[in-house]
Amino acid sequence: MPIDIDIAKVARLARLALSDEELDLYRAQCEVVLEHAALVQALPTEGVEPTSHPLRRTNAFREDVVTECLDTEEVLAQAPDRDGNYFRVPPILEEP
Amino acid sequence: MTDLADLTLSEATSGLQGGEMTAVELLEAVHRRATMTEAQLHAYLNIDRPGAARAAVAADSALGKGAAVSKLTGIPVALKDNLVTRGLETTCSSKILAGYLPPYDATVVGRLREAGSVIVGKTNLDEFAMGSSTENSAYGTSRNPWNPERVPGGSSGGSAAAVAVGSALAALGSDTGGSIRQPASLCGIVGMKPTYGLVSRYGLIAFASSLDQIGPLTRTVTDSVTVLEALAGYDPADSTSHPGAVPDFRAGLERGVAGLRIGVVSELSGEGIDPQVQAAVARMVTSLEGEGAKVTEVSLPSFEYALSAYYLIAPAECSANLARFDGVRYGLRRDGDTVEEMMANTRAEGFGPEVTRRILLGTYALSAGYYDAFYGQAQRVRTLILNDFDSAYGQVDVLVSPTSPTTAFEVGARATDPLAMYMSDVCTIPSNLSGHPGISVPVGLDDAGLPIGFQVMAPALGEEVLFQVAAEVERIAGFSERPALANSRADI
């Protein structure tokens with residue numbers, strides 16, 4: 001099955017700022033892998049339930065009680081940029 | 001006199017508890033071995049000398065007082081660097097996590113510490129565990145102690161090389177598609193992937209969550225049992241942790257294989273398997289039959305599609321898991337005018353080529369219009385593979401195959417061909433898709449002097465019979481050769 005990937009769109013969705021040369025290389029490599037992976041489509045699977053997880057289990061619950069949590073200062077010490085107890089990032093919303 | 005770095009874990013436990021050596025002496029021997037071999041092997045990213053020294057002193061104190069100790073008290077253990085260690089740099093061999101000091105320990109790390117083991121350091125891996133050779137590390141390739149021109153396998157290649165050469169007595173790895181078993185095979189040691197859920201994944205930096213599992217790399221099967229005993233058990237911090245009883249890993253070790261039904265997987269023999277590997281596996285099967293096992297050939301037809309299904313499911317889960325590396329909370333950040341630009345610049349610079357490729361593959365396979373044809377279909381194939389396993393385990397107790405289709409390949413040989421690299425895991429991937437346990441045991445050397453691994457697979461929570469067969473394989477093989485680099489003595 002021939003695969004044709006809109007690699008620029010995929011890179012945008014994946015938040016990867018790649019150059020045109022990189023996009024060309026990755027498109028070619030991904031197409032080769034996907035052509036092999038597309039072999040799965042040859043298997044008849046009508047009526048077969050998908051398996052998302054090997055244990056086929058449902059939710060795990062615990063008692064709603066306060067337990068020990070991570071130290072705020074230790075966590076924030078790893079932040080590339082912070083403001084007090086906040087992680088700081090570039091503007092998300094434009095000025096009105 | 002035996003160099004302490006060449007002891008098995010069990011021998012070292014006896015020596016420590018019998019007062020024949022101290023944990024400090026054992027650690028010194030391991031450090032000496034690392035000093036002699038690291039320039040060639042690069043098994044470690046980071047050797048934590050001060051932390052290990054403190055742990056060794058504490059272990060000696062506990063041993064000296066006759067306090068309650070475990071089999072791991074004073075044992076030097078290495079950790080794959082995708083297991084978080086509080087305050088000790090954890091990088092996943094990625095530039096995006098350079099300098100990251102985790103604020104907590106993985107559950108398995110906590111359990112090793114509580115057991116009194118001495119954490120030697122963090123071992124090299126393919127970036128985010130994506131690879132089969134350790135060549136995808138952002139910090140340089142690890143080498144095979146049997147021949148430094150060859151890869152140690154991967155992705156737990158650093159852990160395998162360290163245990164094989166004696167710069168640790170045991171190590172932890174993670175196995176998503178064979179990443180414990182394949183490097184163990186290529187380095188001539190024992191590597192074991194437990195049943196999914198038996199060992200907590202809390203603090204294992206996730207690659208593909210429905211496939212990842214932590215397990216031990218050791219020199220012997222008994223040592224594998226000893227480490228797994230310390231790791232296994234329910235953990236409320238991992239929602240996929242198995243809440244039921246833990247199997248008795250040790251019960252079958254001395255039992256032999258008489259009367260056991262062993263299935264040889266026909267899809268994992270013949271075509272695509274190196275003839276010398278094939279011959280070594282066939283010889284072992286014949287020997288097992290000679291010990292009273294009932295051997296049959298078993299066909300699991302959907303195995304043919306396992307690799308394809310894996311290379312949809314694993315990248316899909318990876319693209320979701322690695323979305324967390326966005327330059328906000330930890331690790332690398334590159335500037336951008338908007339938050340989206342900042343993230344895209346950070347990720348493009350921080351991730352290496354294989355990780356980038358898999359994120360792109362997974363993003364595509366999950367994107368609108370393709371989801372059902374790729375990811376959905378792969379998940380249905382996963383069901384067929386589970387059905388094949390279930391039907392096989394109706395006829396046999398364990399399945400056997402080679403661990404890796406070839407012995408260690410040369411550095412660079414598969415580096416530019418992703419598909420050829422992916423084929424390295426063709427024998428190990430089915431057990432990840434099914435969540436079943438698997439183990440690789442060394443059974444001999446090929447003509448080039450490189451180790452050959454024999455894989456045993458068992459049903460979910462079938463670790464007792466898995467270790468039973470593995471122990472017999474080990475006994476029959478009598479594999480006692482040591483890699484050339486382990487013999488590099490102190491005269492250097």
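Below, all heavy atoms of this structure are taken into account, side chains as well, without hydrogens, waters or symmetry copies. Naming: A, B, ... by sequence-line order, numbering from 1 per chain.
Ranked by heavy-atom pairs under 4.5 Å with chain A, the list T338(B), V328(B), N345(B) is led by V328(B). Taking G435(B), A344(B), A348(B), A378(B) one by one and counting their heavy-atom pairs under 4.5 Å with chain A, the maximum is reached by A344(B). Put simply, of R88(A), Q29(A), Q78(A), the one with the most heavy-atom pairs under 4.5 Å next to chain B is Q78(A). For chain A, the option among T195(B), L360(B), L433(B) with the highest count of heavy-atom pairs below 4.5 Å is L360(B). Most heavy-atom pairs under 4.5 Å with chain B: of the set S19(A), A14(A), A11(A), this distinction falls to A14(A). Ranked by non-hydrogen atom pairs under 4.5 Å with chain A, the options T356(B), D337(B), L384(B), L332(B) are led by T356(B). For chain A, the option among Y104(B), Y196(B), Y311(B) with the highest count of heavy-atom pairs below 4.5 Å is Y196(B). Counting heavy-atom pairs closer than 4.5 Å to chain A, the top-ranked of the candidates L419(B), I359(B), L101(B), V381(B) is L101(B).
The contact between F351(B) and chain A is made entirely by side chain atoms (from C-beta outward), counting heavy-atom distances below 4.5 Å. Contact of P315(B) with chain A is not made at all, since no heavy-atom distance falls under 4.5 Å. Neither the backbone nor the side chain of I313(B) comes within less than 4.5 Å of any heavy atom of chain A. In this structure, no portion of R82(A) lies under 4.5 Å from any heavy atom of chain B. For L43(A), the parts lying near chain B are the backbone and the side chain together; criterion is any non-hydrogen pair under 4.5 Å. Of the atoms belonging to D417(B), not a single heavy atom falls under 4.5 Å from chain A. Contact annotation for T240(B): both backbone and side-chain heavy atoms come within less than 4.5 Å of a heavy atom of chain A.
Considering I385(B), D425(B), L211(B) as possible partners of Y310(B), the one that fulfils the side-chain contact (heavy atoms from CB on, under 4.5 Å) test is L211(B).
Applying the salt bridge (charged side-chain N to carboxylate O under 4.0 Å, His left out) test to every pair with at least one member in residues 338-354 of chain B, sequence neighbours left out, gives these pairs: R15(A)-E340(B), R334(B)-E349(B), E354(B)-R357(B), E354(B)-R358(B).
Put simply, the side chain of R86(B) does not reach to within 4.5 Å of the side chain of P102(B), judged on heavy atoms. Residues I205(B) and L97(B) are in side-chain contact: their nearest non-hydrogen atoms beyond the backbone lie under 4.5 Å apart. By the 4.5 Å heavy-atom criterion applied to side chains, C92(B) and E127(B) are not counted as neighbours.
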- Message: Checking F128(B) against I96(B) for the side chain to side chain contact (heavy atoms under 4.5 Å, CB included) test, could you report, in this order, the C-alpha distance in whole Å, the side-chain angles of both residues, the deciding distance, and whether it holds?
- Response: CA-CA 10 Å; F128(B) 285 103; I96(B) 210 160; 3.8 Å; yes

- Item | Derivation and outcome, side chain to side chain donor-acceptor pair (under 3.5 Å), residues N432(B) and D175(B) | CA-CA 8 Å; N432(B) 295 90; D175(B) 191 314; 3.0 Å; yes

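Residue Y370(B) places its OH atom among 12 or fewer non-hydrogen atoms of other residues, nucleotides or ligands, all under 6.0 Å distant.
Residues S319(B) and G362(B) share a closest heavy-atom pair of OG-C, 3.6 Å.
In this structure, F389(B) and Y393(B) have parallel ring planes: the angle between them is below the 30° cut-off, well short of the 60° mark.
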